[in-house]
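These notes concern the structure reproduced below.
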Amino acid sequence: MKHFFTLTLIGIIALCNFGCSSDEEPSDVDSPTMPSMENPLDGTPEVTAMSDVVPLPDDVILESMDETEAEKLEDKTPVQIVTVLEGTQRVTIAARFRGVRYLGFGFPLYECELMSDDVEKMGGIAAGMSGSPVGPPGKVMGALAYGDYFSASPTRFWVTSIEAMESARDHLTFGDELEELLNAAPSARINAAYAPVKTPLKITGIKPNRLQHIESYLKGSHFDYIELFADVGSAPITLSTDRDLMAGDMIGVAISTGDVVNAIGFGTVTQVYDDNTFVAFGHPFSAYGDGKTALPVYRATVNGLVPNLQNTYKSVSAYGDPIGTVTKDLMPVIVGELGEAPNTIPFSIKYQRGNDVIEKEHEVAYGYERYIPIIAAVTQDAIRLETSPTTIEVTIKLSFKESQKDYTETFLSAAEDTYIETLFTTQRIISTFTDKFTNITEKATLTSVELTMTEKPQIMTAVIQEIIAPDQIVQGTTETFTVVLLPHWTAVQDGERKIEKQITLSIPSDYSRGDAWISVFSKDPDDLFFGFDFDFDFDSDSEDESLPENLDELIDKLQDEQNEDPGLITIVLSDEIVLPDELLLDEPKNEITLEGFIVTGAESESVEIE
C-alpha cells in the first residue's frame, strides 16, 4: 500500500513541467540544413542553403488575423511557420493551409501540412515548436499546437486560433475570482483528437535510471503535454540580448532553478502586444491548465533539432535573467507579462554525511510547491552518487507569510532506496499546508523551506527479540522488565550483538490475580495507517477534538500529533496478548524509545500476578 501512494506521487510528478538549462554559452552550430544567417549572439556567419527555410529579419512584426479572415483561406494556401531552429534567429518554414476543423475544443483548429523537405529531414515538427506563429506571410492565424506522430511526409499539424488565444488575455481565472472574494486554478481537461506538440521538459541533476522509472508511470493524461529528458547543466546562463521579445522567439518557463535541479519547460511565443503581454504555446503548460499561475520566463536559445522516431525535439537552453511572468495557464494558451519576475520560494538543502556538509540552494515557483519533494529527492541522489541501502534522517522547516510560527518535522528512514522515502514523506508534509483540499483552515503561503538531511551507511534497525520478566509480579508495585533487541549487523556497536533496554510498568493494586501477559511491541511498519496519527481518546473533552480554524492552530495541532518516534517500544499488561495494531484503552502500559533506531517486531511473555 505504501508503494501505491509512492507511485501515486510519481504520477503527480508527471504534471511537473521539467526543463533544463546548460552551463555552456549558446552558440549556433554549423549545419548543412540551416539557411544563411548570422549568429545573433556572437556574429559568426553561417553559410548554408535552404530554399524553404528563410531567416526572418528582426524588423518584421507579425499581425494577428481574426477567425473570419482565416476561414476564408482556400485549401492549399501557402502559409509559414515562424520559429527558431538554431541560436535565437527566427526563420520562416514553408507550409500550407488545409482547412478549418471544429473538434470540440470551444475554438477552431486550423489543419496545415509541412512543405519543407529539409525540415522533414531534420525530424519534422518538433517538441518546442508549440506556440510557433502560423499564417500567411506577415500574419498570425494561430499557434502550432498539435501534431500527428509517426506520420509520413508531408507532416500534418493543427493550429490553435490566435483569436482564441487573445481572448484568454482577458479571461478571469478562478484563482483571480478567489482573490477578489477572499483576498486570497482551475483544471481544464482537454480531449484532443491529436497529440499535442509537446513541450521539451528537461531536468538537471537526475540520474537516467530515475527518469526511466518516472516515465514508466507517466502514461496517460498527465503526460499529454510534456516530454521528459535528463540533462546536465546549472542555472540559466548569464547572457542577454537587447532585442525585444518577438513572435516566434523561444522562451523557457521555470518551475525551479538552482544548484542541482533546474526544471524549465520550453516553447515558442505566438504574439507580443503593446501592453507588454504575450501569448505562447497554443495549449496548456501543464496537462490540464492550472489557471492562475506565476512562473518566471527566460529567453532561450536553440542548439538544433534532435531527431526521434516518436517525437523530434529542440535542444534548448535558457539564458540571462527572468524577463517576465506567465500569469495564466489555460486550455488554448499560456499568457505572460514582460517586465517584473515573480516572487519564488527559497528552498535550501543541507546534506551531511559524517563531517562533510554540502549545501544547495533552489528557487521554486509559487503554485508548484508539489515539486519541492522531487527537488529534495533528486538533489539527494545527485550528492550521494550512488543508490545503496542506508539510513536517513530528514528535518523539514516551513515558514509562512500568514504566521509567525514555523512548522518543523523530523523523520527517520532505513531503506534500500531512500530516494523514494524522501520523495513520499516530504510530499506529505508539504501538501498538508499547500494543497487546497488538504488544508481547510487558512491559506498558507510558504516564504522559505529548509531541509536538513543526515545519512549514515549503517542500517539503523533493530528487532524485538525477547522480553525478560520478573519471576513474580505483585499488585501495587512498579516492576522492571528487560527488552532484548537484535540490531542490524551494520549497526552493531563495540561488538555488542544485542541491545538491552529496561522499562518499568506500574501494576495497579486492584489488578486481577492469576495469569496475565506482558506484551512488548513497536509501531507496526506494515500497518496500513503507519505514519498517520488516529487518536481515539474516548475520554477527551469535546473542545479538545475541535478542528483547527487558522494556520497557527493547524501548526500547533500537527506539531502535537507528529508521527511517533520510529524507535518507540510499548509494553502492556493485559489478560491476553496485545498486537501492535490493537486499540488500547485501560490496560497498564508504558513506553521507551531506542534513540536513532527504527524498531520492529513484537514479543509476549506469560506472567503471574500475586
Problem set entry | Arg169: salt bridge (Lys or Arg N to Asp or Glu O under 4.0 Å) partners, not counting sequence neighbours | Asp275

Problem set entry | Donor on one side chain, acceptor on other, Glu166 and Tyr273, under 3.5 Å | yes

Exercise. Considering residues at least two apart in sequence or located in another chain, which fulfil the side-chain hydrogen bond (donor to acceptor under 3.5 Å, both in side chains) criterion with Asn343?
Worked result: none

Exercise. In terms of side-chain geometry, is the basic nitrogen of Lys443 or Glu402 positioned less than 4.0 Å from the acidic oxygen of its partner?
Worked result: no

For this session: Determine the sole option in Val134, Val82, Ile93 for which the side chain to side chain contact (heavy atoms under 4.5 Å, CB included) test with Leu144 is passed.
Result: Val134

Exercise. Under 4.0 Å between a Lys/Arg side-chain N and an Asp/Glu carboxylate O for Lys292 and Asp329?
Worked result: no

For this session: Kindly write out the residues that satisfy salt bridge (Lys or Arg N to Asp or Glu O under 4.0 Å) with Glu63, not counting sequence neighbours, or none if the list is empty.
Result: Lys139

Exercise. Would you say the side-chain atoms of Thr434 and Glu369 include a donor-acceptor pair closer than 3.5 Å?
Worked result: no

For this session: Could you grab the distance from atom CE of Met250 to atom CD of Gln89, nearest 0.5 Å is fine?
Result: 14.5 Å

Exercise. So, Thr83 and Lys314: side-chain donor and acceptor under 3.5 Å apart, yes or no?
Worked result: yes

For this session: Give me the ring orientation class for His362 and Phe347: parallel if the planes are under 30° apart, tilted from 30 to 60°, perpendicular past 60°.
Result: tilted

For this session: Go through the side-chain N and O atoms of Ser161 and Glu67 and say whether any donor and acceptor fall under 3.5 Å apart.
Result: yes

Exercise. Side-chain donor-acceptor pair under 3.5 Å between Thr325 and Glu337, yes or no?
Worked result: no

For this session: Answer yes if the side chains of Thr155 and Glu113 hold a donor-acceptor pair under 3.5 Å, and no otherwise.
Result: no

